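Here's the structure we're looking at; comments come further down.
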Amino acid sequence: MSNIIEITDFLAPELDVYARLTEVQLLNNEFPEKGLFIAESPKVIERALDAGYEPVSCLIEKKHIEGEGKHILARLCDVPVFTAEFEILTQLTGFKLTRGMLCAMKRKKLSSVKEICENKSRIVILDRVMNPTNVGAIIRSAAALGMDAVLLTPGCSDPLYRRAARVSMGTVFQIEWTFLENESLDEIKDLGFKTVAMALKDNTLNINDPRLMAERKLAVIMGTEGDGLSDETIADCDYTVKIPMYHGVDSLNVAAASAVAFYQLGKKE
């Protein structure tokens, strides 16, 4: 393959995207149309390609050229593919490559909230969930357990951050998502959704309350790690729901709680 380039210079600018640019620099808030992200592992890269994301370059451990990465490389056509032995790549990136492969890709313009919510009946709103591992895991659960879309407040970690996309197993490319402009629920309510705050509060509905399943359009709101949802957000919701806890356990991690919530609240009468 003529587009495979052996790495000989660690300081080559073509490798900045993998070795020296931060996630924030890749996001490029000043010029979002030039933003990039890193897809890591053949599965994540393949799902991004299937979703129409445009590759810019690839970085692959040499042994995977004829191995796990072969069918991915066949789809990259003339995109530059940088390669080296495992020891060199570890020195370059500072950590092991998951399944030996990374791909830099162009971001797409995000859809509007209205576009995302059109013809949807079950959506997720993440409120200031800052841990990319949790964001990735929640999106994977949302995709797997029947939710239609994911909305994120400005304080959330970006779903295309390398770790979030990897933890999601590429499902960030299989379920629609976008960012809200602010933390207000007004736009969601104007679109006809009833809002459900997931919170460990007294006087809440049980998660299997039939009134929830009877709602035609439901938005499930999950809060940040540790503090959960603010009292103001809870007060602004139509329902507050608690997952029953046993054996003295006070709460679940937000990603684990999301799987329980989506499995139950994704059901409809």
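Index from 1, following the sequence. What you see is a predicted model; the values in this text were computed from it and never measured. Quick note: numbers below take in every heavy atom, side chains included, and nothing from hydrogens, waters or symmetry partners.
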Item to complete: Starting at OG1 of T153, measure out to CD of E183 and round the result to the nearest 0.5 Å.
Response: 5.0 Å

Fill in: Pairs touching residues 239-249 that satisfy side-chain hydrogen bond (donor to acceptor under 3.5 Å, both in side chains), sequence neighbours left out
E215-Y239

Discussion item. Which residues pass the side chain to side chain contact (heavy atoms under 4.5 Å, CB included) test with E14, not counting sequence neighbours?
Written reply: A12, F82

Worksheet item: Who else is in the cluster with I188 when I, L, V, M, F, W and Y are joined by side-chain contacts under 4.5 Å?
Response: V113, I116, I123, I125, L151, L180, L185, L191, F193, I221, L229, I234

Worksheet entry | M245 and D250: CA distance, side-chain angles, deciding distance, side chain to side chain contact (heavy atoms under 4.5 Å, CB included) verdict | CA-CA 6 Å; M245 298 285 123; D250 60 356; over 6 Å; no

Worksheet entry | Same cluster (ILVMFWY, side-chain, under 4.5 Å), M213 and I243 | yes

Worksheet item: Got a sec, which pairs hit salt bridge (Lys or Arg N to Asp or Glu O under 4.0 Å) with one end in residues 220-230, sequence neighbours left out?
Response: none

Worksheet item: Are F31 and M105 connected, step by step, through hydrophobic side chains (Ile, Leu, Val, Met, Phe, Trp, Tyr) whose heavy atoms are closer than 4.5 Å?
Response: no

Practice prompt. Kindly indicate, with the supporting measurements, whether the criterion side chain to side chain contact (heavy atoms under 4.5 Å, CB included) is fulfilled by T224 and D127.
Written response: CA-CA 6 Å; T224 186; D127 184 15; over 6 Å; no

Discussion item. Tell me every residue that passes salt bridge (charged side-chain N to carboxylate O under 4.0 Å, His left out) with K62, counting only those two or more places apart in sequence or in another chain.
Written reply: E6, E85

Discussion item. The test is salt bridge (charged side-chain N to carboxylate O under 4.0 Å, His left out); show your working for D158 and R163 and say whether it passes.
Written reply: CA-CA 10 Å; D158 192 293; R163 188 172 186 84; over 6 Å; no

Discussion item. Check D190 with K114, please: is the shortest side-chain N to carboxylate O separation under 4.0 Å?
Written reply: no

Worksheet entry | Within residues 35-60 or reaching into it, pairs that qualify as ring-ring contact (aromatic ring centres under 6.0 Å, His included) - sequence neighbours excluded | F37-Y53, F37-F173, Y53-F173

Practice prompt. Decide, yes or no, whether a salt bridge links D231 with K201 under the criterion of side-chain N to carboxylate O below 4.0 Å.
Written response: yes

Practice prompt. Mind checking side chain to side chain contact (heavy atoms under 4.5 Å, CB included) for K106 and listing every partner two or more places apart, or none if nothing turns up?
Written response: L36, E54, V56

Practice prompt. Take I7 and L15 through the side chain to side chain contact (heavy atoms under 4.5 Å, CB included) test and state the conclusion after the steps.
Written response: CA-CA 9 Å; I7 295 174; L15 300 181; 3.8 Å; yes

Worksheet item: Residues two or more places apart in sequence or in another chain: which of them pass side-chain hydrogen bond (donor to acceptor under 3.5 Å, both in side chains) with N182?
Response: none

Worksheet item: Quick check: does any side chain N or O of S57 sit under 3.5 Å from a backbone N or O of P80, one acting as donor and the other as acceptor?
Response: no

Item to complete: List, by chain and number, the other hydrophobic cluster members for L27, where Ile, Leu, Val, Met, Phe, Trp and Tyr join if side-chain heavy atoms come within less than 4.5 Å, directly or indirectly.
Response: V24, Y161

Practice prompt. For S230, enumerate each residue passing the side chain to side chain contact (heavy atoms under 4.5 Å, CB included) test, keeping only those at least two apart in sequence or located in another chain.
Written response: R128, E232, T233

Item to complete: Only counting residues at least two apart or in another chain, list the ones meeting side chain to side chain contact (heavy atoms under 4.5 Å, CB included) with S141.
Response: L145, S258, A259, F262

Worksheet entry | T195: partners by side-chain hydrogen bond (donor to acceptor under 3.5 Å, both in side chains), with sequence neighbours left out | D238

